[in-house]
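These numbers come from a predicted model, not from an experiment.
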Amino acid sequence: MKIGITGASGLIGTPLVADLRGQGHEVLRFVRGRADAADERGWDPASRRLEPEAVADLDAVVHLAGAGVADKRWTDAYKKTVLDSRVDGTTAVAQAVAAAVASGQGPQVLLSASAIGVYGDTGDRLTDETGPVGVGFLADVCRQWEAATAPAEAAGVRVAHLRTGIVLAKTGGALAKQLPIFKLGAGAPLGSGRQWTSWISLRDELGAIGHCLTADVAGPVNLVGPTPVTNKDFTKALGRAVHRPTLPIAIPAFVLKAALGQFAEEGVLTGQRLVPAVLQRTGYAFQDPDVDAALRSAL
């Protein structure tokens, strides 16, 4: 397949490019501004600009680009950046794909990133892709993010929304921030510790994306491992993985809120207890089916 990838320099995009090329696919990377390399194509997501000609010869697009949710404190300005980067970029991709298809060319598959924050706080309820959209900033971002693919869907393109959980990779994301603390023996549960963590190993994230390129899946797809755990159990598992004890007391919610602001409320103290029903139904075999295996893989 000939596949275009946005966000190709990110935590998931970088290894995905290498993984797909290793499987024999031809991969083009969409870059902001001018394309300087033979495997690059330019686009301007902030202006919703991606020329249909840039996708006309592709079989599929994997759209991963967007500002990091936890990169900065959630000021009103940064929340707008998070939302706009997703809606504008997705709109550009979907419109370009739709225009290319209308001309008789273009990809027949669009895998567009989303996140498990779409469900809000599920509490202890085990939830699959049929679960309702939740409430809160992250849920609203995900709702608008997914809706922005509408032009491609209307053009008859198979669109899947990759609702990714917490990707366990030592090179970035939440785990990279936690590792130095846990290696000092200072890891601890967060808040009540009862909130659920739906995680996925990096290699299963890549494997699931590859699966969705060819499997008959459309609409929401939970990219999470099959065995979610509570934050308290995740804390114990990470302590085991780095061979260090964890603290017997939790970090209070008020401390997390003071340090992280609104992100603590939606990104740390609430959680999602999810199952990857679509992946399982369509035959994806997890390489890391439990959190201990996922952490071993990451480390």
Side-chain angles (χ1 to χ4, degrees), residues 10-12 64-87 89-90 112-129 131-148 161-169 172-178 181 187-200 205 220-225 228-235 238 250-276 291:
L11 173 65
I12 298 168
L64 303 174
V69 169
D71 286 357
K72 297 181 180 180
R73 195 174 182 89
W74 282 9
T75 61
D76 288 344
Y78 193 66
K79 286 164 70 175
K80 185 177 187 300
T81 296
V82 167
L83 175 61
D84 290 350
S85 70
R86 284 157 173 76
V87 174
T90 305
S112 189
S114 185
I116 60 174
V118 69
Y119 299 104
D121 187 2
T122 67
D124 292 328
R125 182 180 74 252
L126 198 61
T127 303
D128 65 12
E129 289 86 351
V133 172
V135 297
F137 171 67
L138 290 178
D140 189 53
V141 166
C142 291
R143 179 184 58 78
Q144 295 186 59
W145 193 4
E146 295 182 3
H161 302 291
L162 307 179
R163 293 178 172 178
T164 294
I166 297 173
V167 179
L168 299 181
L175 183 60
K177 296 176 181 178
Q178 291 173 296
I181 299 169
L190 305 176
S192 71
R194 295 191 298 271
Q195 68 273 29
W196 287 87
T197 299
S198 286
W199 52 269
I200 187 169
E205 175 78 6
V221 185
N222 289 343
L223 268 57
V224 296
V229 294
T230 63
N231 175 259
K232 184 176 181 179
D233 287 339
F234 181 85
T235 299
L238 183 50
I251 300 174
F254 74 87
V255 173
L256 295 167
K257 291 177 184 178
L260 302 175
Q262 186 184 352
F263 177 72
E265 291 275 5
E266 295 193 33
V268 177
L269 298 172
T270 61
Q272 295 80 29
R273 188 185 183 192
L274 304 177
V275 289
V291 71

May I ask you to decide if [Y]'s main-chain N or O and [X]'s side chain share a donor-acceptor pair within less than 3.5 Å?
| X | Y | value |
| --- | --- | --- |
| T270 | E265 | yes |
| D128 | V275 | no |
| E266 | F137 | yes |
| R86 | G66 | no |
| S85 | V82 | yes |

Search all heavy atoms of [X] against all heavy atoms of [Y] and return the closest pair with its distance.
| X | Y | answer |
| --- | --- | --- |
| K177 | I181 | O-CD1, 4.0 Å |
| A139 | V133 | O-CG1, 4.2 Å |
| T230 | W196 | N-CE3, 3.7 Å |
| T235 | P189 | OG1-CA, 3.6 Å |
| L269 | A253 | CD1-CB, 3.8 Å |
| I166 | A174 | CG2-CB, 4.2 Å |

Do L83 and W145 have side chains that get closer than 4.5 Å, going by heavy atoms?
no

Going by heavy atoms in the side chains, are Q195 and L190 under 4.5 Å from each other?
yes

Taking CZ in R194 as the centre, count heavy atoms belonging to other residues, nucleotides or ligands within less than 6.0 Å. Is the count above 12?
no

Got more than 12 heavy atoms from elsewhere within 6.0 Å of CG, D76?
no

To the nearest 0.5 Å, tell me how far [X] [atom1] sits from [Y] [atom2].
| X | Y | atom1 | atom2 | value |
| --- | --- | --- | --- | --- |
| Q144 | D84 | CD | CG | 9.0 Å |
| L126 | L274 | CG | CG | 8.0 Å |
| F263 | L138 | CZ | CG | 7.5 Å |

Can Q272 and T127 be counted as having a side-chain donor-acceptor contact under 3.5 angstrom?
no

Scan K79, R73, K257 and name whichever one has a side chain to side chain donor-acceptor pair (under 3.5 Å) with Q262.
K79

Apply the test side-chain contact (heavy atoms from CB on, under 4.5 Å) to residues L175 and W199: give CA-CA distance (whole Å), side-chain angles for both, the deciding distance (0.1 Å), then the verdict.
CA-CA 10 Å; L175 183 60; W199 52 269; over 6 Å; no

Which one of S114, C142, S198 satisfies the side chain to side chain contact (heavy atoms under 4.5 Å, CB included) criterion with R163?
S114

